[in-house]
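I have placed the structure first, in the form of structure tokens, so that the comments after it can refer back to it.
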Amino acid sequence: MATVDEPIVVESQSPIREAMRAFRQSWAGMLGLILLILVVLFTYVGPFLYSVDPFEVIWAPLTAPGETERAPLGTDYLGRDILAGLIHGGSATLYVGLAAGFITITIGILMGAFAGFFRGAVDEVLMRITEFFQVLPALLFAMVLVTLFPPSIYIVALAIGIVSWPTTARLTRAEFLRIRTLEYVNAARSVGAKNSRIMWRVILPNALAPLIVSATLTIGIAILFEAGLSFLGLGDPNVFSWGLMIGAGREYILDAWWAVTFPGFMIFLTVLGFSLVGDGLNDAFNPKLRER
Amino acid sequence: MNMAWMVVRRLFHAFVLVLAVLVLNFLLIHLAPGDPADVIAGEMGGATEEMLADIRKTYGLDKPIYVQLGVYLERALQGDLGQSFFYNAPVLDLVAGRAGATILLVVTALLFAIAVGTLLGVLASHKPKGIVSGLVTLVSVVGYSAPIFWTGLMLVILFAWVIPIFPIANMFDITKDTGFFGFILDVLHHLVLPALTLGIVYLAQYARLTRASMLEILGSDYIRTARAKGVAETKVYTHHALRNAILPVVTIAGLQFGSIVSGAVLVETVFSWPGLGTLAFESILARDYPTVLGILFFSSVLVIIANLITDLVYRIVDPRIRTGG
């Protein structure tokens, strides 16, 4: 029988360890994690094992998969290798997804934290702004931003971030509104902690669980956004991404299904990975939901 | 009285949002690199000097910025969203001509998603560990993760080769002349795939949401009371549980309207559906900024109207709010 003095007992009470244990038990989360690891390996180790330039024309245009060993997954309308495209297109997609996710989370947390913490007029103003951004059809707005400014993956990431933050802001606000009335916040206030300390050191860490889940999903959504913009031909034309491949292959879809199907499937797997990890984290952070 | 006051407040609120979208459009024209007159003229650098001078005069571009804003808002509120030099037509006419197709697509997809999604959610909640339930979870994760245009393209491949029963492009067949009803049927026939593509994403989410809220409600006390007093099981589901479980679906559907319009842009492009999405796509390729901004404005107004309607529907579905004011 374990006694209280044993460090192992203290360890098992740590909420992070507890959540990690729960995450390992969630099949969705583990499956998502495996998918993401595979996608990352494919993208970052793949180029060393298969060093064909995705821009280089290597075979006859629109060759079907399996027709030649040179291009196992076929070629696109210019005769470029689809497999090489898949391997080299991942890093741009992942980069834009992560960068846009980061921008989204940062704006969302700042807006939500100030609105939920100060309430009153600040809340009113910030929530009106949030509402305004929710009214704009995000993709159209991003399309406008990307066309008005010179296209580069930075602008694409920034545009996605600017249109996606309202959900995070609302979530953060709700958490701040709930937590700010709790006793430990009063305790911090009564010992003279400043507002900024209460916001970022006391409330935010306790609001992190749902925000981490939301961040995971946000990255997935950002990747879908990047794919959509590239599909419309509005991505960075100089950077090879999965979305760019779909945009290039779209017109030839009835002649060459492979040019669109494979990159789309990679995007699907990646976003599925993030969604499943989000689900797994959600289960892990919400013990009450576990039995459902 | 209370209700009327609420409606007035909502309308005012909506009007402020419309103004805000116009201010945003104005800011975008001025924040973009280059001469605002060039942006308004569309094709960067392609406009003649007289044309630019004309634009500067119409929009007062030599005056202070707040005067320019005033001019812009005044014109817009009178229904003048500018002139498309690419299509050589007023933007408002262009947008109005295409809006119907988009509204038809979005509303069909949304109603389809709500109806089938709720039904699936209820079926799933009946046996939380059953096959339907697992399927709903699976389909919702998959539907949520697949790029919507990719789903559309996969359907195009499927329905072009494997089972060619639905048309894969355009809104109607111009070669057919079958009278009014024939035309309606033709449009509906063309509508199937785009609406299905757009609907699938949301269908899955609503099914999942309904399942979760049904499970929560079915475990509550008043359901036990209803069962205890002998209410038939179907009636417990439809009258007692579903009425409450559908509320989150209504809220989310309203909140998501903007994202559905975004999705419609992609779906329209895939299926060459002649709506605002294809217009936006074409005018962006042509650098026709007045049209692009006009579409952004108009679709935002659509979302604002949809939010007003959601509010009303919510009040009808939830009797507690109706009496509470």
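All values below were derived from every heavy atom in this structure, side-chain atoms included, with hydrogens, water molecules and symmetry-related copies excluded. Per chain, numbering begins at 1; letters A, B, ... match sequence-line order.
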Minimum-distance pair of heavy atoms, taken over all atoms of L232(A) and F281(B) = O-CE1, 3.1 Å
Ranked by heavy-atom pairs below 4.5 Å to chain A, first place among I260(B), I295(B), V142(B) goes to V142(B)
Any side-chain heavy-atom pair of V260(A) and F149(B) under 4.5 Å | no
Rounding to 0.5 Å, atoms CG (L276(A)) and OG (S145(B)) come to a distance of 6.5 Å
Spacing of Q134(A) atom CD and I304(B) atom CD1 [to the nearest 0.5 Å] = 12.5 Å
F274(A), part contacting chain B, at a heavy-atom distance under 4.5 Å | neither
If one checks every heavy atom of L145(A) against chain B at 4.5 Å, the contacting part turns out to be side chain
Stepwise side-chain contact (heavy atoms from CB on, under 4.5 Å) check, V265(B) with M143(A) = CA-CA 10 Å; V265(B) 173; M143(A) 282 164 77; 3.9 Å; yes
Side chain, backbone, both or neither: which part of L293(B) has a heavy atom under 4.5 Å from chain A?
-> side chain
Residue among I284(B), L285(B), I157(B) with most heavy-atom pairs under 4.5 Å to chain A = I284(B)
Check each atom of L269(A) against the heavy atoms of chain B and say whether the ones under 4.5 Å are side chain, backbone, both or neither.
-> neither
Between the side chain of W150(B) and the main-chain N/O of T261(A), is any donor-acceptor distance below 3.5 Å?
-> yes
Which atoms of V16(B) come close to chain A, meaning under 4.5 Å heavy atom to heavy atom: side chain ones, backbone ones, both, or neither?
-> neither
Answer key: most heavy-atom pairs under 4.5 Å with chain A among L296(B), V261(B), V301(B) is L296(B)
Out of V270(B), V292(B), V21(B), which one racks up the most heavy-atom pairs below 4.5 Å with chain A?
-> V21(B)
OG on S300(B) to CZ on F132(A), rounded to 0.5 Å | 7.0 Å
Do other residues, nucleotides or ligands put more than 12 heavy atoms under 6.0 Å from the CZ atom of F265(A)?
-> no
Measuring heavy-atom distances to chain A, does S259(B) have an atom under 4.5 Å in its side chain, in its backbone, in both, or in neither?
-> neither
Chain B heavy atoms under 4.5 Å from I246(A): which part of the residue, side chain, backbone, both or neither?
-> side chain
Is the closest side-chain heavy-atom distance between F268(A) and P147(B) below 4.5 Å?
-> yes
H30(B) side, atom NE2; L148(A) side, atom CG - distance, nearest 0.5 Å = 12.0 Å
With only heavy atoms counted, which part of S275(A) is less than 4.5 Å from chain B, the side chain, the backbone, both or neither?
-> side chain
Got F141(A) and L24(B) here, is their nearest side-chain heavy-atom distance under 4.5 Å?
-> yes
Could you grab the distance from atom CZ of F231(A) to atom CD1 of I148(B), nearest 0.5 Å is fine?
-> 10.5 Å
Leading residue by heavy atom contact count with chain B [cutoff under 4.5 Å; candidates T147(A), L140(A), L234(A), L224(A)] | T147(A)
